[in-house]
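Nothing here was measured: the structure is a model prediction, and the numbers come from that model. Every heavy atom of this structure was used, including side-chain atoms; hydrogens, water molecules and symmetry mates were not.
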Amino acid sequence: MLGCIVGILLFIVFGSYIWLILSYSKGWDRMPLVDSSKRGCVKLSCVIPFRNEKENLALLIKGLEKQNLTMDQFEVLLIDDQSTDDSRKILLDLIVDLPNFFLFENEGCGKKDAIASGIKQAKYLFIVTTDADCYHPENWLSSISSFLSYNEVDLLIAPVQLSPLKGWFNRFQAVDFMSLVMSGAGACGIGKPIMCNAANLVYKKELYQRASKQMPEKYASGDDIFLLQYAVGEHAKIRFLKCKEAIVSTFPLTKIIEFFNQRVRWAAKSKGYTDMYTLWVAWIVFITNLILVISPLLLFFFPLAGCAVVIGGLLKAIIDFSLLRRGSTFFDVPLSLRKFVVIQFIYPLYIFATVVYAAAGVSYWKGRRI
């Protein structure tokens with residue numbers, strides 16, 4: 001009898017997860033690819049916080065100064081968050097001949113304060129945020145301006161990918177990251193946005209100013225997700241920019257401990273979530289992966305429930321692969337069935353460890369405990 005109850009509960013959990021990912025695939029398909037060839041007239045303030053990024057600044061500025069917009073259509077506000085390396089000196093040399101590029105000091109401490117400092121100086125209606133360790137195609141800002149010119153938007157979620165993809169660890173990070181971006185995009189496509197990334201995010205300045213008064217103070221980061229949750233609560237107009245020319249690329253991490261700590265930091269912010277749908281999604285994803293981690297125990301103690309684990313796990317893998325294949329096509333990221341199967345064995349353990357450590361551990365960013 002107990003085995004039957006366990007089996008039913010397992011079918012409910014797997015069924016919820018499968019329905020969730022299928023809805024995200026549908027949401028992705030519902031959004032048309034955006035034509036960025038139309039000329040935009042919306043002016044943009046690009047805010048970029050940085051701390052100890054001397055290795056990445058040359059590539060960052062090179063991409064930004066080649067943007068396919070005139071200088072009077074955008075400004076770049078670079079906010080130094082107490083760098084201890086030569087970042088400030090390097091930047092001053094790089095932007096000396098760029099009249100629409102400006103360097104400021106963070107008025108507070110941490111990424112959230114750095115963004116707030118930049119937005120305080122911004123002169124345009126729309127804020128674009130990105131990270132200093134990113135590089136940008138020449139039509140990045142023009143595609144954003146074009147979309148904003150022809151669509152009513154309060155907050156625009158734009159695509160991010162990891163590159164280059166040399167080695168198994170980089171490929172794992174890229175697929176993992178792509179799964180997050182595709183889930184967030186698909187959720188936006190069905191009108192239930194759940195995640196975004198400050199590496200490529202656009203919003204109205206006044207939306208941020210209203211949201212900043214209600215953002216949780218205990219989290220040093222999280223400016224992106226907490227702003228999104230505020231926007232959801234305010235029934236703001238939230239869209240996803242399904243445009244290849246708007247893809248921002250960032251580098252994979254080089255060490256496993258850095259990658260794990262980053263994911264722990266992301267997971268830890270879930271304690272501050274206020275949107276019930278987002279919380280439900282987080283719990284469904286965690287419980288589904290927890291079941292896969294403890295499946296040997298379930299099969300040992302409840303053999304009759306084994307069929308639910310096997311069927312649910314196979315169906316989960318199929319629909320996960322279906323969503324990721326859509327992302328693989330959009331981002332031009334190779335995804336073979338063999339690599340996917342290997343990831344499927346690693347992924348539940350990684351999710352379980354990340355959530356457990358986030359609940360009990362301490363997060364770090366740029367050498368700071370947060």
Going hydrophobic residue to hydrophobic residue with side-chain gaps under 4.5 angstrom, can you get from [X] over to [Y]?
X	Y	answer
Phe240	Leu33	yes
Val76	Ile90	yes
Leu297	Leu10	yes
Val96	Leu78	no

Donor-acceptor contact present, side-chain [X] to main-chain [Y], <3.5 Å:
X	Y	value
Thr278	Thr274	no
Ser23	Leu20	yes
Lys242	Trp28	yes
Ser249	Leu162	no
Ser16	Ile12	yes
Asn200	Ala246	yes
Glu53	Ala132	no
Asp81	Gly110	yes
Asn289	Val285	yes
Asn52	Thr84	yes

Mark yes when over 12 heavy atoms from residues, nucleotides or ligands other than Phe340 sit less than 6.0 Å from its CZ; otherwise mark no. yes
Just wondering, are more than 12 heavy atoms of other shown residues or ligands nearer than 6.0 Å to CH2 in Trp280?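 Counting neighbours around CH2 of Trp280, more than 12 heavy atoms of other residues, nucleotides or ligands fall under 6.0 Å, so yes.
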Under the side-chain hydrogen bond (donor to acceptor under 3.5 Å, both in side chains) rule, collect the residues that match up with Tyr135, sequence neighbours excluded.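 Checked Tyr135 against side-chain hydrogen bond (donor to acceptor under 3.5 Å, both in side chains); matches are Ser163.
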Using the ring-ring contact (aromatic ring centres under 6.0 Å, His included) definition, which of the options Phe286, Phe260, Phe259 pairs with Tyr350? Phe259
Would you list the pairs meeting salt bridge (Lys or Arg N to Asp or Glu O under 4.0 Å) in which at least one residue belongs to [range], sequence neighbours left out?
range	answer
residues 180-206	Asp154-Lys204, Glu206-Arg210
residues 295-322	Lys316-Asp320
residues 58-77	none
residues 336-359	none

side-chain contact (heavy atoms from CB on, under 4.5 Å) between Leu125 and Val42, worked out: CA-CA 8 Å; Leu125 171 66; Val42 174; over 6 Å; no
Stepwise side-chain contact (heavy atoms from CB on, under 4.5 Å) test for Lys111 and Asp224: CA-CA 11 Å; Lys111 186 177 181 182; Asp224 45 11; 5.7 Å; no
Would you please say whether a donor-acceptor pair under 3.5 Å links the side chains of Arg326 and Ser322?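 Per modelled atom types, Arg326 and Ser322 side chains form a pair under 3.5 Å.
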Hydrophobic cluster (4.5 angstrom, side-chain heavy atoms) - remaining members for Met71: none
